[in-house]
Amino acid sequence: MKRQRLTMSQALVKFLDNQYIEVDGVESKFVSGMFGIFGHGCVVGVGQALEQGGHNLTFFQGKNEQNMALAAVAYAKQMDRKAIIPCVSSIGPGATNMVTACGCATANRIPLLVLPGDTFACRQPDPVLQQAEFFDNYGRTVTDAFKGVCHYFDRILRPEQLMTACINAMRVLTDPADTGAVCLAMPQDVEGEAYDYPEHFLQKRVWHIDRRPISSSQLERAAELIKAAKKPIIVCGGGVRYSGAEKELLALAEKCNIPISETQAGKGLIDWKHPLNLGGIGVTGGKAANVIGRDADLVIGVGTRFSDFTTSSKWLFNENRKVLGINICPFDAYKMDAEAIVADAREAVSALYDALDGYKTDYTNEIADAKTEWDAIVDDYYTKELPGGLNQTLALGIINEFMGDDDIALGSAGSLPGDMQRLFRPKARGTYHMEYGYSNMGYEVNGALGAKLAKPESEVYTFCGDGSFLMGHSELYTALQEGLKINVCLFDNLGWGCIENLQNNQGTDTFGTVFRARNPVTGMLDGAEMTVDFAKIAEGYGAIGYSIHNSDELRAALEDAKKQTKSCVFDIKVLPKTMTPGFESWWRVGVAEVSTSETVAAAYKDMQENIAKTFDY
């Protein structure tokens, strides 16, 4: 057996450089680059291996470990999970900074490989710089924190352990039913230790992503359930995107006259203008999908994990409905007490198309009426100007209308994901990119870099509030460094407006959710509003900044930015509380059971009444 003597880090780099996937006969490179921030726990290990060369991995210099890992999540998502950018860090805070990004990846079923440095396996120099000591277990390190947010965790204590660790890491990263974050923790002494690695471990390896077919018995059960339904509704989830099943899903819907609703991850796969597309469903959904969904006797979930926002905390659908769950992941297929069809979405939907010959729903004018009404509501939000300043929904409409067919809209947290699921009109597949499984504030700007790396030919517009921008935007600097243009649409409403709305709607007065100075008289955060010139901050980084206070300024800025080659930040000062409301939906939050406030008590009573309308499982 031929062998090659390499350090663990050198072997890791060579292994990653030779990983490929094959989907439907198309082979592509799975790893083409690596994000990293070097510290003493990785710079002489993985850093040395990368600097030495002999590989085809592009190194991207992150500026914050969490943010570069969020960019990697966005890259994998935009690539439909067919490529990743691993992230390497030093030990201690550099490592634990990536824990949040791993939670984000796992919640969204997105592959992410993190390679944090760790303390010495030999323990000789302990405690080393940035080592947290645990008195109950000397072998525990801070990288154990990754176990709670990763689908696979391994700590490589000897260089030869890299082989089984890498194979298992790739097994999870390429598995559509079991993907998420993967952590390979690397003690810094082991990073530099050598081993005679067999050459077959280092050679090109192709991972085949085979489609799981629907069995004959599953097909029979699913077809029988649909044929018995008079007014079903389809919930199109992210699994439709990753399976590439949108054409088959639309063909099935058209054949049987079944309306389609969208989750955040499934939005943009079906043309919003299509007469069967009712748009977003659930808490951040629109009136059309929620009204039709409420009366449906069968909910056909395709590639959805049925989150509380999709089901309105299991409140939306009527008590007599049945559920059909089509999902490659068994964990998701069985949710909602569904008849579970564990299969690839495209394979399952294609088979159902043939099995449902002659079947039509009993819908008459309900779908068209609901869609016509909803389209008019969206038009109104997108064009109505309010006195006193620029309202959020008008600004969103102006940007949506301006964007080109292949431009990508990206978001994650705050009130904007709700506005966008309800109102946004994507113009092509893959141009609506919303991370809403984790609603990770800070994803927006950093994720825009990842999306741009995935699709450099497209303009990327990321939508965030001032709160999200303040939480994390370090990779704007990296975008400038890489010569990659991203467009940051920053909606400044002077605080966490979405949470202030939630607070007020549940009976509590505004407290801690608006950005105000400390009042020397009251001692509370109810002094002067904190005003920030985000355009000037952007200019300080070397980006193009625009200060925007009205619709004319926004339109002019968008036109000018189209001519620019550098990243642009649109500092859009919007009127607070000008986002969309809920439409025929309810969301369960933990309202205080006892309070001195009458409004809080009323909110608690309302919550109990709505809980009585939900279903349990």
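Keep in mind that what you see is a predicted model, and the values were worked out from it rather than measured.
In terms of modelled atom types and a separation under 3.5 Å, the side chain of N446 and the main chain of E475 share a donor-acceptor contact. Between the side chain of R422 and the backbone N or O of P581, at least one donor-acceptor pair lies under 3.5 Å. In this structure a side-chain-to-backbone donor-acceptor pair under 3.5 Å is missing from T304 to G301. A donor-acceptor contact shorter than 3.5 Å is absent between the side chain of D362 and the backbone of K231. Using modelled atom types, no side-chain atom of K455 and backbone atom of E457 make a donor-acceptor pair closer than 3.5 Å. Remark: side-chain polar atoms of E444 are paired, donor with acceptor, to backbone N or O of G442 under 3.5 angstrom. Within the 3.5 Å criterion, the main-chain N or O of N610 finds no donor-acceptor partner in the side chain of R588. Here the side chain of Y359 pairs a donor or acceptor atom with the backbone of I226 at under 3.5 angstrom. Side chain of T614 to backbone of I611: a donor-acceptor contact under 3.5 angstrom is found. Side chain of S567 to backbone of I486: a donor-acceptor contact under 3.5 angstrom is found.
For N400 against Y382, the heavy-atom pair with the smallest separation is OD1-OH, 2.8 Å. Scanning all heavy atoms of the two residues, the minimum distance from A223 to L356 falls at O-CD2, 3.9 Å. Heavy atoms only, all atoms of each residue included: I328 and D344 are closest at CD1-N, 3.7 Å. The two residues F463 and A409 have their closest heavy-atom pair at CE1-CB, 3.8 Å. The two residues L324 and A338 make their nearest non-hydrogen contact at C-CB, 4.3 Å. C498 and G414 get closest at one heavy-atom pair: CB-C, 3.6 Å.
Side-chain contact, D406 with S458: no donor N or O sits under 3.5 Å from an acceptor N or O. With no hydrogens or angles considered, no side-chain donor-acceptor pair links Q392 and T578 at under 3.5 Å.
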Legend entry - Full working for side chain to side chain donor-acceptor pair (under 3.5 Å) between T364 and E366: CA-CA 6 Å; T364 53; E366 303 97 318; 3.1 Å; yes
Inset, instruction - Quick one: do T310 and I281 satisfy side chain to side chain contact (heavy atoms under 4.5 Å, CB included)? Show the steps, please. - result: CA-CA 6 Å; T310 298; I281 192 168; 4.1 Å; yes
Inset, instruction - I would like to know whether R211 and S243 meet side chain to side chain donor-acceptor pair (under 3.5 Å); could you show each step before the answer? - result: CA-CA 9 Å; R211 294 184 179 275; S243 173; 3.1 Å; yes
Inset, instruction - Output, in order, the C-alpha distance, side-chain angles, deciding distance and verdict of side chain to side chain contact (heavy atoms under 4.5 Å, CB included) for Y242 and K77. - result: CA-CA 9 Å; Y242 302 130; K77 180 179 176 68; 3.4 Å; yes
Legend entry - Full working for side chain to side chain donor-acceptor pair (under 3.5 Å) between K335 and N327: CA-CA 10 Å; K335 287 178 178 175; N327 207 299; over 6 Å; no
Inset, instruction - Given side chain to side chain donor-acceptor pair (under 3.5 Å), test S412 with N440 step by step and report yes or no. - result: CA-CA 6 Å; S412 178; N440 202 136; 5.9 Å; no
Inset, instruction - Test side chain to side chain contact (heavy atoms under 4.5 Å, CB included) on L112 and I84 and set out the steps. - result: CA-CA 7 Å; L112 171 67; I84 64 169; over 6 Å; no
Inset, instruction - Show the numbers, then the answer: is there a side chain to side chain contact (heavy atoms under 4.5 Å, CB included) between N320 and D297? - result: CA-CA 7 Å; N320 297 316; D297 55 358; over 6 Å; no
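Under the 30°/60° scheme for interplanar angles, the aromatic rings of F309 and Y436 are found to stand perpendicular. Taking the six-membered ring for Trp and thresholds of 30 and 60 degrees, F583 and W374 have ring planes more than 60 degrees apart, a perpendicular arrangement.
Proximity of L558 to F570: side-chain heavy atoms (C-beta onward) are separated by under 4.5 Å at one or more points. Side-chain contact check for T174 versus P111: every heavy-atom pair is 4.5 Å or farther apart. Side-chain atoms of H151 and T179, non-hydrogen and from C-beta on, never get closer than 4.5 Å to each other. Between Q19 and W207, the closest side-chain pair of non-hydrogen atoms falls below 4.5 Å. M403 has its side chain out of reach of T431: every pair of non-hydrogen atoms, C-beta onward, lies at least 4.5 Å apart. Using a 4.5 Å cut-off on side-chain heavy atoms (C-beta onward), C329 and D178 make no contact.
Separation of atoms CH2 (W587) and OG1 (T284) is listed at 10.0 Å; rounding is to 0.5 Å. Of the inter-residue distances, the one linking I85 atom CD1 with F30 atom CZ reads 11.5 Å to the nearest 0.5 angstrom. The distance from the CD atom of E347 to the CD1 atom of I214 is 9.5 Å, given to the nearest 0.5 Å. Between the CH2 atom in W315 and the CG atom in D308 there is a gap of 13.5 Å [rounded to 0.5 Å]. Remark: M579 CE to S415 OG distance equals 3.5 Å, nearest 0.5 Å. To the nearest 0.5 Å, atom NZ of residue K255 and atom OH of residue Y353 are 5.0 Å apart.
When the shell of 6.0 Å around OH of Y334 is examined, it contains 12 or fewer heavy atoms from other residues, nucleotides or ligands. Sparse packing is recorded around NZ of K247, with 12 or fewer heavy atoms of other residues, nucleotides or ligands lying under 6.0 Å away. At most 12 non-hydrogen atoms from other residues, nucleotides or ligands lie less than 6.0 angstrom from CD of E319. Counting heavy-atom neighbours within 6.0 Å of E220 CD, excluding the residue itself, gives a total of 12 or less. Shown here is Q608, whose CD atom has more than 12 heavy atoms of other residues, nucleotides or ligands within 6.0 Å. With a 6.0 Å radius and a threshold of 12 heavy atoms from other residues, nucleotides or ligands, E22 has its CD atom above the threshold. Around atom NZ of K562, more than 12 heavy atoms belonging to other residues, nucleotides or ligands sit under 6.0 Å away. Surrounding NZ of K230 are at most 12 heavy atoms belonging to other residues, nucleotides or ligands under 6.0 Å away.
For the pair R321 and F615, the cation-pi test (distance below 6.0 Å, angle within 45°) is passed.
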Quick one: side chains of residues 266-274, donor-acceptor pairs under 3.5 Å with protein atoms, not counting sequence neighbours, listed by atom name and distance.
{"unit_1": "K267", "atom_1": "NZ", "unit_2": "Q421", "atom_2": "O", "d": "3.2"}
{"unit_1": "K267", "atom_1": "NZ", "unit_2": "F424", "atom_2": "O", "d": "3.0"}
{"unit_1": "D271", "atom_1": "OD1", "unit_2": "K273", "atom_2": "N", "d": "3.0"}
{"unit_1": "D271", "atom_1": "OD1", "unit_2": "K273", "atom_2": "NZ", "d": "3.3"}
{"unit_1": "D271", "atom_1": "OD2", "unit_2": "K273", "atom_2": "NZ", "d": "3.4"}
{"unit_1": "H274", "atom_1": "ND1", "unit_2": "L276", "atom_2": "N", "d": "3.0"}
{"unit_1": "H274", "atom_1": "NE2", "unit_2": "E254", "atom_2": "OE2", "d": "2.7"}

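Between D616 and K314, none of the side-chain N atoms (NZ, or NE/NH1/NH2) sits under 4.0 Å from a carboxylate O, so this pair counts as no salt bridge. Between E584 and R294 there is a salt bridge, since at least one side-chain N of the basic residue sits less than 4.0 Å from a carboxylate O of the acidic one.
For K485, the side chain to side chain donor-acceptor pair (under 3.5 Å) partners at least two apart in sequence or on another chain are E459.
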